[in-house]
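Side chains are part of it too, since the values below use all heavy atoms of this structure and drop only hydrogens, waters and symmetry mates. Every chain is numbered from 1, with letters handed out A, B, ... down the list of sequences.
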Amino acid sequence: MHYLKQREVQLALLIVLLAVAVGVRAPVFLTAGSLGNLLTDSTLLIMLALAQMFVIITRGIDLSVASNLALSGMMAALLAVKYPELPLLVVMLVAVAIGLLLGLVNGYLIGYLDLPPIVVTLGTMSVYRGLVFVLSGGAWVSSHQMPADFIAFPLSHLFGVTHLVWIAATAIIATWLLARYTRFGRDLYAIGNQPLAARYVGISTARRLFWTYGLSGMMAGLCGYLWVARYAVAYSEIAYGFEFTVIAACVIGGISIAGGAGTVAGAVLGALFLSVINNALPIIKVSPFWQSALTGIVILTAVLINARGNKKAGRQILPLAMLQPSSRSAA
Amino acid sequence: AEKMKIAMVVKNLGNGFFDAAHEGANEAAKQLGDVEIIYTGPTTATAEGQIEIISSLISQKVKAIVISANDANALVPITKKAMQRGIKVISFDSGIARDGRLLQLNPSSPALIGQKQIEMASDAIGGAGEIAILSATAQATNQNIWIAEMKKTLAQPAYSKIKLVSTVYGDDQSDKSYREAIGLLRSNPNLKAIIAPTTVGINAAGKAVVDEKLVGKVYVTGLGLPSEMAGHVKSGAVKSFAIWNPIDLGYAATYAAHQFVTGKATGKAGESIAVGRMGKLTVDAVGEAALAPPFTYDKDNVEKFSKIF
Amino acid sequence: MSQNPPIAQNAAPVLRLHGICKHFHGVTALKDVALTVRAGEVMALIGENGAGKSTLVKTLTGIYQPDAGHIEVNGQRVLFASPQDAMDAGMTAVHQETVMFDELTVAENIYIGRQPQTGYPARIDWALMASQAEAIFARLEVQLPVLAKVKDLSVAQRHFVEIARALSQDARVVIMDEPTASLSQREIHELYRIIGQLRAAGTAVIFISHKFDEIFAVADSYTVLRDGHFVAAGLLAEISEPQLVSLMVGRAIHQVFPKVEVPLGATLLEVSQFCHPTEFRDIHFSVQQGEIVGFYGLVGAGRSEVMQALFGLTPGVTGTVKIAGQEVTIRSASDAIQHGIAYVPEDRQHQGAHLSLSIVQNITLPILDSIGFFLRSKRSRETAIARQFSEQLELKAHHFTQMVSELSGGNQQKVVLAKWLATKPKVIILDEPTKGIDIGSKAAVHRFISELVTQGLSVILVSSELPEVLGMADRVVVMHQGHINCVFSRAQATPENVVAAASGSAHSNEELICTT
Amino acid sequence: MNAISTSPHQSAAPGSRYTILDRKAQRLSHYLAHWEALLALLLVAVFVGNSIFLPHFFDVYNLADSTFNFSEKALIALPMALLIICREIDISVSGTLALSSVAMGFAHHHGVPPAGLLFVALAMGAVCGSLNGVLVTRFALPSIVVTIGTVALFRGLASVILGDQAYTGYPQLLIDWGQGYFFDIIPRPFVILLVFAVLFAVLLHATSWGRRIFAIGSNPMAARFSGVAVDRYRFALFVATGTMAGLAAWLLTGRIGSTRPNIAMGWELEVITMVILGGVSIAGGKGSIGGVLLAVLLLGMVTYGLALLNIPGVIMTIVVGILLLITIAVPRLLNRKQTKK
Ligand SMILES: Nc1ncnc2c1ncn2[C@@H]1O[C@H](COP(=O)(O)OP(=O)(O)OP(=O)(O)O)[C@@H](O)[C@H]1O
Ligand SMILES: Nc1ncnc2c1ncn2[C@@H]1O[C@H](COP(=O)(O)OP(=O)(O)OP(=O)(O)O)[C@@H](O)[C@H]1O
Ligand SMILES: [Mg+2]
Ligand SMILES: [Mg+2]
């Protein structure tokens, strides 16, 4: 418990350090406007990482999030264009519902048919991405076609903070409550720890997984609308390859790919960390050709730092009082 | 009788520019009468994807391939093979290296495109100040040629007060392009204009300028489609942008392909090829031909054209 | 000792089974099994490995659904479609495989899926959960930190968590599938006490064990299964151990510990100054040719760790190992195998068996190099080796290409044993070799150990079963908290001495250490 | 209880009480129940269907040419199958391929003779593979995590070296192998693929190395306890995967005659799809090279058929995705019906 806390604190410190270091080179990075923008920019990644966190905790993986996001986002955009008089809330709910549905397809295959998550989501990833193209006929939906409020919503301010940030904050609190204070959330940890044992103690693994992937899909659906509205354009390839960024954020946040362990704070910090990097690179004028290599190095470093904590020493069998002299004599 | 199959292979499907070119191709086909157009392209803009498509087109024994290439060199082997099997290959928009095609149809000459973009930027910022370029991927051939042309243009004394501070790549992804645009605005407080010779880029840059509340201080220009740019012109982030007419381009390319198939053209230097309503093309020393200078769109005409392409 | 208070044989049965059948792809695991348990009764479920006991437990807890037959709880016919249904009907079980969530706390492990909730919308009340868990442990009179993560607990402590989980749900029937398999003497007594509490509270207990002394110590009645069939049931007070054994096996078993006196040869293995930073220190011992050295200790004393280090599996170990007087460096298991050491691990599921490989493939894995590079042409040779050792151990299986996952727990253990015997070792380390093995096969294993030493092998027998150690070993090494507390010769090793040394209280008997 | 029995014990057990057959009696229905049988049937069905309905499909030259589209990917799928059987995975193969291609271009421009380029590509691949291998074995990191990181690194390094340039003008030798034919009809990469498929099949299914790979995949800890040098095998498999990616880079570079940092973008998923469709269990311990090869051919025939119909690539990805989902889900659904009864 103590130790885990430390890891998240470490990551938080690292982020602050990084931000300050960037600020030294490019002071503009630390201005309120820039930091606000950074926060806004990180929200989508944070939300997706949170949902992915639950999936990874159950020993799963959801590779279809980015495709799901694109499909729900495109559907939301098409809907808003076709029926501009529709209230925004309805459009958003439709996006969420589509995302949920797509997620539940994963959930059914993984939960009830007991198929391996990586294979299922690899398959649905291609299918969903293809459907974006089919449904949109390959055409763009661009800003002047979308209703004004559709575009304005994500970046409008409420009490000086963008809606995106409010939504992300709500998502963080909701997932935290879910992870910590509901049987649903705790069951996911149990499933990830010992899938067979979870069945033995009467957890209905299939139903839990069904809804976990549903949740992941729902979040992707919501982010789909937000993404499309925020960048004011929808086309077949939006968020292409973003699933790996999301997974990388989770991994950096210390969520164990082996399942059973991971915290909301970790997911949030992991996503923030990547956002800081992504936002800092253009500002400190790193050669664009170095960006991908640097991102790779950063991910590997973060993973290595995490791993050092993971490494198992032997079990503690020797009484601690005896340990001191004997280890000295052994050395 | 069986119709003459002409395949139009584009960089990727789901791209408004090429959809418009397809329209032009269909127009040419209708006019020519005996032509069937196969419109195809890979999902993502990769050379490997185009190679797969071309090999299946060879199997289908199409008569001609009209292609906008994702990689000037990588496609040469496969298109060479196609030509050996009697298929006429001509490239348009983004070209194939000379060995791999009979004719390259430039929408306009790269020099003109480069000049045009610098002109628009210069007009917008009053002839002096810092500018930056937001490109697609670092591998995009045509982008790189245009950027090189822009740099050449900037070297002219008329533009001595304009300074290119940075070139960045948004990989044709809206989020990355947006982030790069924000980065440009942040790290270059005196920036006056962003030139984005790619539709995803110009869109993202326009949005970034609006979001950063820099409309009127920083101008975005570049290449884009009227249907996609209308919103940004209205918001004021974009004063003007340019594009050639993709319909005309598709029309001319298809028409030219027909001429090659029927033996009315060979692609020799200096040859003049009739392309229907577009008049005649003249083949230059390196086997290329150009249509017309790019057309500029601003708030006066963008609405009208946004309904067309 | 069957002086348990007599239970009313006319009390209404809590649980009744009728004609339960269960098949797995053509394998009959249970056929027409009937069984009756009454409130306050402790019933021993007895049977050889693969008799179908665990399958029955899984049927009773809703993990498997029977193919035929039905279950009655309190006279009502019930259907357990899921573990949840069974739990709701008051069935709980401590399964043969540990059912634990390492990353969760003790309290949560007990209440997972049923955490106490408050408020609206309902949320988990962590404080209440902790205090309820504490209350259960208080009732059990066991000390356990309820907020510790289970991964930090010892094996014995984990068992108590499982038992606490079974008790936390007001069970009508508590089923324990070999609960003592990895417990030491002291903890077994704690368990007896807990079972006594349950009985007094009117809970029915189904107790599965291969150890007859335990069965006679805690149970009132018995039900015997053989090859998935119901064989007999009755009161333990009315039957003797040999009778029970013959019911179970279908024949008589005579020798319990066929210890043969073998002249000891030269020192074969010598370990000195063996140290590890956290697990053990200053380990000295030697083994002579033809000798059986028993290692005894409480569960978690570090015996397995020493053996694994000796077998080259643990990095960071210092000290010297000599084989036949020659100093050797062992950095990996294959080094150890080459030097003639074999190690049969205790944790069959994780360290021993390859469940998705076939029996032959399991058995020949460590000796592949000696069989040849192109295995395709060596199939008959592989099968012959597998057959030789499987038959010696009385393995029950259909064919050698069967996957090990389809075997019962005990038979899996036999496959693992066969694997190591096939390496033709000089020194064989057996870590709890008879854990989970039925009495008939156990005799076979013991006979086999004796045979090994007559052939000039040396055996290190790590066991938490006192009778086994005392019955088989020439010398008994007792470990406590990562070091060797005492070494007893066969004559000195009395149950009292050994148990006292194992619990660390024999420090004054220093002089015993150097007896050889 | 613990009294020592003094009765002399009977010498060795007179054989087991149970008879154990050498192997399961094989019936035809058992063979049909194999995944490979299902794939083979599907392949035949697709082949016959395509031949009947597509005019240009059944043409030896066309069919031969269609193998160009998958041979390089399939070459990577072979070691990938071994890795996945071993419970590991390598997402970084396409990055390795890009970096190997860049290394070749670099070497070529610095005067390395044509014949040497193959070794440059293989060496670069092996280096990338060893980096993955070291990170996975030395630091006990999950391979999916490591390779998500290294794919960005490898591709990033390729782009650092190349910038917005491209390497072109490769020697004829490369072109001969990348796009040439044997006997003017069989594409060379396909022949290389078949040779390696046989090699890998023998390695995996007939040798002790292969047996150990299965053992590691089925239970890594038990394998270590049985004297298998688990980490050495893992490391070797990563190196093998990297090296095969290097070989694929050599062929692909020869085929397309140029190198850009985005070469072979997204191939990792296609390669993994081939392996999984081939019946290799993502949970490790199960799979066969035959299955993978059948899956490669099946995918090749399906996409080629769709391409002849000029179906857009996007629809093809949908078809492939659905194919993947159906092939794994249908057996499970049928099985479930059976056990429900
Ligand atoms: N999942 C399964 N698939 C196929 N056969 C099985 C399965 N589970 C059990 N069996 C078979 O059912 C029979 C009964 O096994 P079970 O595990 O119930 O035995 P057991 O009495 O608990 O033995 P042990 O004392 O060794 O634990 C065995 O023959 C076993 O091979
Ligand atoms: N806290 C724990 N967490 C996880 N696994 C454990 C833990 N304690 C023990 N085990 C596992 O359970 C098995 C039995 O462990 P045990 O407590 O017997 O330790 P040991 O060192 O083998 O002690 P000994 O052999 O002296 O009984 C071992 O295989 C060990 O890996
Ligand atoms: Mg059992
Ligand atoms: Mg032990």
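- Between D:Asn69 and B:Ser55, the closest heavy-atom pair is ND2-OG, 3.6 Å.
- No more than 12 heavy atoms of other residues, nucleotides or ligands shown are found within 6.0 angstrom of NZ on B:Lys63.
- If you tally non-hydrogen atom pairs under 4.5 Å between each of D:Thr168, D:Asp65, D:Leu308 and chain B, the highest count goes to D:Leu308.
- Under 3.5 Å, the side chains of B:Gln60 and D:Asn310 contain a donor-acceptor pair of N or O atoms.
- Contact annotation for D:Ile315: neither backbone nor side-chain heavy atoms come within less than 4.5 Å of a heavy atom of chain B.
- When heavy atoms are compared at a cutoff of 4.5 Å, B:Ile38 approaches chain D solely by way of its side chain, counted from C-beta outward.
- Counted within 6.0 Å of CZ on D:Phe106, heavy atoms from surrounding residues, nucleotides or ligands total 12 or fewer; the atom is thus considered open.
- Under the 3.5 Å distance criterion, with hydrogens and angles disregarded, no donor-acceptor pair is assigned to the side chains of D:Tyr61 and B:Ser59.
- Between the CG atom in D:Asn262 and the CG atom in B:Asp71 there is a gap of 7.5 Å [rounded to 0.5 Å].
- Of the atoms belonging to D:Ser66, not a single heavy atom falls under 4.5 Å from chain B.
- Of all heavy-atom pairs between B:Pro77 and D:Gly257, the closest is CG-N, 4.5 Å.
- Between the CE atom of D:Met265 and the CD atom of B:Glu48 there is a distance of 10.0 Å, given to the nearest 0.5 Å.
- We find that D:Arg255 and B:Glu52 are not joined by a salt bridge, their nearest charged nitrogen and carboxylate oxygen being 4.0 Å or further apart.
- Contacts with chain D were tallied for B:Thr40, B:Asn144, B:Val76; B:Asn144 has the most, counting heavy-atom pairs under 4.5 Å.
- Heavy-atom neighbours of B:Lys61 NZ from other residues, nucleotides or ligands within 6.0 Å: above the threshold of 12.
- Using a 4.5 Å cut-off between heavy atoms, B:Ile78 does not touch chain D at all.
- Taking every heavy atom of both residues into account, D:Ala307 and B:Ser56 meet most closely at O-OG, 3.2 Å.
- Neither the backbone nor the side chain of D:Phe70 comes within contact range of chain B, judged by heavy atoms closer than 4.5 Å.
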Test log, rule side chain to side chain contact (heavy atoms under 4.5 Å, CB included), inputs D:His56 and B:Ile58: CA-CA 10 Å; D:His56 301 292; B:Ile58 296 175; over 6 Å; no
Would D:Ile256 and B:Ile51 count as a side chain to side chain contact (heavy atoms under 4.5 Å, CB included) here? Give the steps. CA-CA 9 Å; D:Ile256 67 182; B:Ile51 290 173; 3.1 Å; yes
